[in-house]
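Heads up: the structure comes next, in structure tokens.
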2 protein chains.
Amino acid sequence: MAEQTGGRFPPISVQALQRMPAYLSYLQTQKDEGAVFLSAAKAAQHFGLSEIQVRKDFSAISLTPGKPKAGFAIVELIDGIETFLGFRNSKDAILVGVGSLGKALLNYGGFKPYGLNIVAAFDSNPELTGKSINGKAILSSDKISDTCRRLNIHIGVITVPAKQAQLVCDQLVAGGVKALWNFAPVHLSVPENVLVQNENMAVSLAILSRHLEGALDSAKGEKV
Amino acid sequence: MAEQTGGRFPPISVQALQRMPAYLSYLQTQKDEGAVFLSAAKAAQHFGLSEIQVRKDFSAISLTPGKPKAGFAIVELIDGIETFLGFRNSKDAILVGVGSLGKALLNYGGFKPYGLNIVAAFDSNPELTGKSINGKAILSSDKISDTCRRLNIHIGVITVPAKQAQLVCDQLVAGGVKALWNFAPVHLSVPENVLVQNENMAVSLAILSRHLEGALDSAKGEKV
DNA sequence: TAGATTGTTAATCGATTAACAATC
DNA sequence: TAGATTGTTAATCGATTAACAATC
């Protein structure tokens with residue numbers, strides 16, 4: 001395993017990273033209510049996590065240490081989490097596959113706070129190319145690589161059907177894309193330096209489904 | 001911790017569950033190509049996982065053991081995974097919050113294979129109520145609890161803004177909903193027996209973002 | 001000071017991996 | 001039989017939790 005690249009933050013586990021967005025939104029509501037400090041105990045109770053886990057997470061993120069008897073400075077934590085998660089800097093992306101899901105994402109404004117900016121879309125259907133959705137032009141799929149290179153795009157959002165996903169992936173990678181957000185339910189093969197983040201709705205649905213079948217116990221972290 | 005409820009499957013970790021949908025789609029393509037058996041080694045190579053991990057996952061799912069020199073029976077695995085994930089039985093759900101994301105999900109046909117069936121939608125905006133999207137009626141939010149009870153709905157999809165999410169959540173729970181698919185970026189407080197599955201796009205975007213900033217090493221499972 | 005809360009070190013727990021025997 | 005592949009037991013690794021000292 002390679003070493004952590006040096007930076008502001010100590011090594012943070014993937015699990016801890018996954019807790020960060022929830023912390024962030026809670027911190028923002030606390031701040032809006034005028035709070036300045038937040039104790040690990042209070043946050044832990046809110047989330048149903050152990051106090052010590054929250055304390056570890058907070059102290060990994062906060063630039064200054066927590067204050068005994070007070071807690072952690074909320075603005076520090078917000079700044080830390082936003083910086084850590086990379087929400088502070090805007091990132092351009094393109095989307096491939098203007099089906100129902102693709103259209104939805106093009107219309108969805110909710111990515112702004114996370115720094116994602118979809119600048120164009122691609123589809124192989126000639127009836128769609130030339131049109132635009134939410135101000136984003138739909139271009140022909142054969143221009144994917146060129147466009148990525150020309151606009152220096154590093155993020156690709158894949159919303160094509162499973163069968164086409166690998167081809168699209170290859171085109172994006174050929175265009176210099178380094179990070180893929182894959183909504184197609186398939187495994188994508190990519191070079192070492194490219195990251196695939198699978199948005200796996202099937203997993204969520206499976207977890208819901210198993211809960212309803214009584215297979216999940218109510219306790220957290222249970223085996224399934 | 002409570003015991004695993006008895007059933008067809010041995011205890012399977014959440015991590016293993018999360019690998020299942022990917023296995024499933026690969027198995028289906030293998031089956032379509034006429035394959036009958038699949039070795040753990042071949043699948044491991046496809047996914048970039050360790051052979052032994054795949055073997056453990058497969059043997060947990062397959063009804064009959066793998067065959068030395070052949071591998072695992074593909075149809076057994078497919079059946080096992082579909083059963084395990086609960087995709088075999090259809091489940092009715094309602095959706096609350098007909099904004100851009102809510103509309104998108106109503107229009108999206110991709111949930112069928114997972115057994116999810118959204119039967120109705122709710123919104124507090126009177127300009128939307130009475131209309132319908134993709135054949136699904138949009139009803140007034142004050143009818144959430146009633147409708148859930150009347151139709152015996154156990155899954156609620158929450159696509160309202162963060163501020164309203166807890167209220168909507170409470171209404172759904174009051175209506176007897178047992179599993180929530182939450183797209184709002186907040187933590188929801190629910191009774192013990194209700195499961196909240198957060199669809200956390202922020203996490204995905206954060207992971208992409210950190211990769212682009214060079215903070216992620218290319219190796220799998222790296223600290224971030 | 002006393003008490004609340006943090007930070008650190010060690011223990012526990014669970015998932016992954018390794019080693020190797022079993023079997024077709 | 002030989003070789004490929006599985007299944008099982010033990011070792012490793014990492015995340016969480018517990019215990020307790022430090023500090024405001």
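Just so it is clear: chains get the letters A, B, ... in the order the sequence lines come, proteins before strands, and each one is counted from 1.
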- Message: Tell me which nucleotide, if any, is Watson-Crick or G-U wobble paired with D:dA21 when both distances must be under 3.5 Å.
- Response: C:dT6
- Distance in angstrom units between A:Gln53 CD and D:dG14 P, rounded: 18 Å
- Determine, for B:Arg8 against B:Asp79, whether the closest basic-nitrogen to carboxylate-oxygen distance falls under 4.0 angstrom. yes
- Message: Can you measure A:Leu17 atom CG to D:dA15 atom C1' for me and round it to whole angstrom units?
- Response: 15 Å
- Please report the C-alpha distance between B:Met201 and B:Val203 in whole Å, then the side-chain angles of each, then the deciding distance to 0.1 Å, and finally whether the side chain to side chain contact (heavy atoms under 4.5 Å, CB included) criterion is met. CA-CA 5 Å; B:Met201 304 226 195; B:Val203 168; over 6 Å; no
- Note on the structure: Taking D:dT16, C:dA15, C:dG7 as options, the one with an atom nearest any side-chain atom of A:Pro65 is C:dG7
- Nearest-neighbour nucleotide for the A:Pro68 side chain, D:dG3, C:dT6, C:dA15 considered: C:dT6
- Note on the structure: Side-chain atoms of B:Ser13 come closest, of D:dT5, C:dT16, D:dT17, to C:dT16
- Among the nucleotides C:dA19, D:dT6, D:dT16, which one has an atom lying closest to any side-chain atom of B:Ile52? C:dA19
- Here the distance between atom P of C:dT5 and atom CG of A:Leu77, to the nearest Å, is 16 Å
- Query: Between B:Leu49 (CG) and C:dA18 (P), how many Å, whole number?
  - Reply: 13 Å
- Query: Between atom NZ in A:Lys69 and atom C1' in C:dA4, what is the gap in whole Å?
  - Reply: 6 Å
- Quick one: B:Lys42 NZ to D:dA4 P, roughly how many Å, whole number? 17 Å
- When all nucleic acid strands are considered with a 4.0 Å heavy-atom cut-off, which category describes B:Ala16: base, sugar-phosphate, or nothing? nothing
- Query: Does NZ or CZ of B:Arg19 fall inside the cone over B:Phe47's six-membered ring, less than 6.0 Å from its centre and within 45° of the axis?
  - Reply: no
- Task: Take atom CD1 of A:Ile61 and atom P of C:dT6, then tell me their distance rounded to the nearest Å.
- Result: 16 Å
- Message: Parallel, tilted or perpendicular: which one describes the rings of B:Tyr23 and B:Phe58, with boundaries at 30° and 60°?
- Response: perpendicular
- Task: Report the nucleotide, chosen from D:dT5, D:dT16, D:dG7, that has the shortest atom-to-atom distance to any side-chain atom of B:Arg55.
- Result: D:dG7
- So does B:Lys56 reach the base of C:dT17 with its side chain, donor to acceptor, closer than 3.5 Å? yes
- Query: What nucleic acid atoms does B:Lys67 come within less than 4.0 Å of, heavy atoms only: base, sugar-phosphate, or nothing?
  - Reply: sugar-phosphate
- Message: Mind checking if A:Phe58 touches a base, just sugar-phosphate, or nothing, with heavy atoms under 4.0 Å?
- Response: nothing
- Item | Side-chain N,O (B:Ser50) to OP1/OP2 (C:dT16) below 4.0 Å | no
- Note on the structure: D:dA11 -> Watson-Crick or G-U wobble partner, both distances under 3.5 Å, gives C:dT16
- Message: In terms of relative ring orientation, are B:Trp181 and B:Phe183 parallel, tilted or perpendicular, with 30° and 60° separating the classes?
- Response: tilted
- Is the phosphate of D:dT16, meaning OP1 or OP2, less than 4.0 Å from a side-chain N or O of A:Arg19? yes
- When the distance from CD of B:Gln15 to C1' of D:dC13 is rounded to whole Å, what number comes out? 13 Å
- In Å, rounded to the nearest 0.5 Å, how long is the span from CZ of B:Phe37 to CD1 of B:Ile74? 9.0 Å
- Message: With nearest nucleotide decided by heavy atoms, which residue, A:Asp57 or B:Phe72, maps closer to the 5′ end of DNA chain D?
- Response: B:Phe72
- Note on the structure: Testing C:dT6, D:dG7, C:dT16 for proximity to the side chain of A:Glu51, the answer is C:dT6
